[in-house]
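Please read the structure below before turning to the comments.
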Amino acid sequence: ETPRNLDDICAIFEDKRGWYDAATKSEQHWGTPKHVQMSIIRQESSFKNNARSPQTKLLGFIPWKRQSNAYGYAQALDKTWLRYKNATGRQYADRDDFNDAIDFVGWYTNLSNSSVGISKWDPYNQYLAYHEGQAG
């Protein structure tokens with residue numbers, strides 16, 4: 001269930017205590033602050049576990065293919081999710097599981113820090129690297 005107040009991280013964590021624990025665990029493991037990770041998930045999926053990119057329309061009205069294969073809380077692409085699973089050994093991680101999704105965001109922001117030098121405390125540039133790719 002999507003949190004009621006999407007713009008108040010304290011209310012979200014009060015409502016979803018397990019999410020606070022997962023965010024804390026990811027922060028401790030990857031070093032990216034909870035608020036940075038949560039802001040990325042907020043922007044990507046509005047905390048919807050089964051979020052997908054919009055469908056294109058065939059002939060302007062028939063639902064057709066999706067714009068991308070992004071899925072889940074973190075809107076992770078198939079290829080990037082597979083990289084994450086291989087790099088972390090978390091073969092059973094699911095994009096629609098909040099614990100896995102926030103760990104993915106921590107992993108990705110850590111990668112952006114180590115490969116491109118973006119501070120883990122810089123939500124703006126972390127999000128740009130997240131959304132556009134680290135080389136983008």
Side-chain angles (χ1 to χ4, degrees):
E1 179 181 316
T2 305
R4 290 181 292 264
N5 187 348
L6 301 181
D7 297 324
D8 183 344
I9 192 172
C10 294
I12 291 171
F13 285 149
E14 194 172 293
D15 190 36
K16 304 270 191 189
R17 181 66 192 173
W19 286 16
Y20 178 82
D21 296 338
T24 299
K25 184 177 176 183
S26 180
E27 179 179 12
Q28 289 170 345
H29 187 248
W30 301 110
T32 303
K34 287 184 273 299
H35 70 275
V36 174
Q37 295 183 64
M38 292 292 284
S39 67
I40 290 171
I41 292 174
R42 164 65 169 100
Q43 187 65 30
E44 287 295 297
S45 70
S46 297
F47 301 105
K48 292 181 181 114
N49 71 318
N50 60 352
R52 294 184 183 274
S53 67
Q55 284 183 294
T56 57
K57 304 282 187 202
L58 180 65
L59 303 174
F61 66 95
I62 301 169
W64 197 241
K65 299 176 182 177
R66 298 207 176 266
Q67 293 174 356
S68 81
N69 58 33
Y71 177 73
Y73 287 109
Q75 286 294 281
L77 298 170
D78 291 349
K79 188 174 169 182
T80 313
W81 189 256
L82 184 59
R83 266 181 60 208
Y84 161 74
K85 287 174 32 168
N86 289 335
T88 62
R90 299 187 65 182
Q91 294 305 311
Y92 298 104
D94 290 317
R95 291 181 281 182
D96 57 6
D97 180 287
F98 184 82
N99 295 355
D100 296 334
I102 199 157
D103 190 70
F104 170 83
V105 172
W107 169 80
Y108 195 91
T109 55
N110 181 61
L111 199 59
S112 295
N113 173 256
S114 62
S115 65
V116 189
I118 302 170
S119 169
K120 295 177 185 181
W121 287 82
D122 181 352
Y124 179 80
N125 286 304
Q126 279 288 355
Y127 180 71
L128 287 178
Y130 189 89
H131 192 266
E132 301 301 323
Q134 288 141 345

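Both backbone and side-chain heavy atoms feed into the values below; hydrogens, waters and symmetry mates do not. Model, not experiment: these values are computed from the prediction.
In this structure a side-chain-to-backbone donor-acceptor pair under 3.5 Å is missing from S46 to K48. Distance alone, capped at 3.5 Å, is enough to place a donor-acceptor pair between the D97 side chain and the N99 backbone.
The aromatic rings of F47 and F98 lie tilted to each other, with the angle between the two planes from 30° to 60°. The aromatic rings of Y73 and W19 sit perpendicular to each other, their planes meeting at more than 60°, with 30° as the lower class boundary.
Summarising the geometry, atom CD1 belonging to I12 is positioned 7.5 Å from atom CZ belonging to R42; distances are rounded to the nearest 0.5 Å. A distance of 5.0 Å separates CD in E44 from NE2 in H131, rounded to the nearest 0.5 Å. How far CD1 of I40 is from NE2 of H35: 10.0 Å, rounded to the nearest 0.5 Å. Expressed to the nearest 0.5 Å, how far CD1 of I102 lies from NZ of K25 amounts to 12.0 Å. Here N113 contributes atom CG and D122 contributes atom CG; the two are 10.5 Å apart, rounded to the nearest 0.5 Å. L111 CG to R83 CZ: the interatomic distance, rounded to the nearest 0.5 Å, is 5.5 Å.
Summarising the geometry of I41 relative to V105, their closest heavy-atom pair is CG1-CG2, 3.9 Å, with the distance given to 0.1 Å. Across N5 and A11, no two heavy atoms sit closer than the pair CB-CB, 4.3 Å. For the residue pair V36 and K120, the shortest heavy atom distance occurs at CG2-O, 3.6 Å. Nearest heavy-atom pair across R95 and A101 is O-CB, 4.1 Å. Counting all heavy atoms, side chain and backbone alike, D100 lies closest to Y92 at OD2-O, 4.3 Å. The minimum heavy-atom distance between I118 and Q126, with the atom names listed, is O-NE2, 3.3 Å.
With 3.5 Å as the limit, one finds a donor-acceptor pair spanning the side chains of Q37 and S26. Checking Q134 against S112 by side-chain atom types alone, a donor-acceptor pair falls below 3.5 Å.
For an aromatic pair to be called close, the ring centres must be under 6.0 Å apart, and Y84 with Y108 fails this.
Using a 4.5 Å heavy-atom threshold, the side chains of Y130 and Q43 count as separate. Considering only heavy atoms from C-beta on, N86 comes within 4.5 Å of L82 through its side chain.
Within 6.0 Å of the OH atom in Y20, the count of heavy atoms belonging to other residues, nucleotides or ligands does not exceed 12. More than 12 heavy atoms of other shown residues, nucleotides or ligands fall within 6.0 angstrom of atom NZ in K16.
Linking ILVMFWY residues whenever their side-chain heavy atoms come closer than 4.5 Å, directly or via other members, places F13 and L6 in the same cluster. In terms of hydrophobic clustering, with Ile, Leu, Val, Met, Phe, Trp and Tyr side chains grouped at heavy-atom distances under 4.5 Å, L128 and W107 are assigned to different clusters. A chain of hydrophobic side-chain contacts below 4.5 Å, direct or via other Ile, Leu, Val, Met, Phe, Trp or Tyr residues, connects W30 to W81.
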